[in-house]
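Note sheet for the following structure.
Remember, it's 1-based here, ligands and their atoms both numbered in the order they're listed. Numbers here are sequence positions counted from 1.
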Amino acid sequence: MITSSEFEGHRLTDEEVLAFVRLLFPAGSDTTYLALGSMMNHVLGDPELKARLLADPALVPKVVDECLRLYSTTAMMPRYTETGMDYEGAHIPPNSWVMFGIRTANRDPSVFEDPDRFDAARSQRKSLAFSVGSHACLGMHLARAEMQVSLELLLKRLPGLRLRDGRVPMTQVNLRGVRALPVRFDDVLPA
Ligand code: HEM
């Protein structure tokens, strides 16, 4: 349907459709599995939080959003400006590249009180985990749903799920997360 539609007289070429599908692999899968890893790293490293989640699944969406803010998988994104601007004392000339820091913004103390602290009750209205504006994440609702379902099922179906060696450090500036998360569990319960 989308591939055969026209917008302002333009129809997507096969090359454009293929480029979009190629974009969906890093944009849709790397981001989600890395964010899931960062979240499990946090949750399993805090047995009290894990117990609260098991007792009250209504907490799951809040924990997902707070982990997305705190560990921002897409830590930095580039933009190109044709016009340039002055911003908070910095001169950005026309026709230049700018990197904006999503992770830094998500830990800005003037926006989030005590920003390095995990707080599932805080408002996420200003979280930039999925960016804002015309290029905001197309898959944000899917990503949240995937993370919520995964968190709930992993805790429910793998009794005794725990970190094998404690929390693992995250790596890389962009597509940031844990590359491997060794865990142990005692059983696998049926669906
Ligand atoms: C936790 C998982 C995810 C995170 C943290 C994330 C984050 C982001 C961010 C920050 C942007 C904005 C990029 C920019 O401003 O230049 C973005 C764009 C995008 N995301 Fe995601 N994303 C996630 C999952 C997904 C999924 C599951 C899909 C699709 C299946 C997806 C598809 C896209 C696409 C197509 C764009 C480009 C939108 C545009 O430029 O108009 N993302 N994502």
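Near Arg79, meaning under 4.0 Å from any of its heavy atoms, are these atoms of ligand 1: 14 (C), 15 (O), 16 (O). Distances below 4.0 Å separate heavy atoms of Thr32 from the following atoms of ligand 1: 2 (C), 24 (C), 27 (C). Every atom of ligand 1 with a heavy atom of Ile102 under 4.0 Å away is listed here by number and element: 10 (C). If you number the atoms of ligand 1 from 1 as listed, the ones under 4.0 Å from a heavy atom of Ala35 come out as 1 (C). Counting atoms of ligand 1 from 1 in the listed order, those under 4.0 Å from a heavy atom of Leu68 are 1 (C).
Put simply, no part of Leu34 is less than 4.0 Å from ligand 1, judged by heavy atoms.
If you chain together hydrophobic residues whose side chains sit under 4.5 Å apart, Tyr33 and Leu70 never meet in one group.
In this structure, the side chains of Ile102 and Asn106 come closer than 4.5 Å at one or more pairs of heavy atoms. Contact of the Val60 side chain with the Met147 side chain is not registered, since no non-hydrogen atoms from C-beta on lie closer than 4.5 Å.
Nearest to atom 5 (C) of ligand 1 among the protein's heavy atoms is Ala129 O, 3.8 Å. With hydrogens left out, the protein atom closest to atom 30 (C) of ligand 1 is Leu142 CD2, 3.8 Å, a heavy atom. Protein heavy atom closest to atom 39 (C) of ligand 1, with residue, atom name and distance, is His135 ND1, 3.3 Å. Nearest protein neighbour of atom 13 (C) of ligand 1, counting heavy atoms only, is Met77 CE, 3.3 Å.
Polar contact check, Glu146 against ligand 1: no nitrogen or oxygen pair lies under 3.5 Å apart.
Closer than 2.8 Å to atom 21 (Fe) of ligand 1 sit the protein N, O or S atoms Cys137 SG.
For Ser29 (side chain) and Pro26 (main-chain N/O), no donor-acceptor pair under 3.5 Å exists by modelled atom type. A side-chain donor-acceptor contact under 3.5 Å links Arg176 to the backbone of Gln172. Listed for the Lys156 side chain is no donor-acceptor partner under 3.5 Å among the backbone atoms of Leu151.
Arg122 pairs by the salt bridge (charged side-chain N to carboxylate O under 4.0 Å, His left out) definition with Glu66, not counting sequence neighbours.
Checked for salt-bridge contact, Glu48 and Arg52 miss the test: no charged N lies under 4.0 Å from a carboxylate O. Under 4.0 Å is where a charged nitrogen must lie from a carboxylate oxygen, and between Asp186 and Arg162 at least one such pair does.
A donor-acceptor contact closer than 3.5 angstrom links the side chains of Glu16 and His10.
Heavy atoms of other residues, nucleotides or ligands lying less than 6.0 angstrom from NZ of Lys50 number more than 12.
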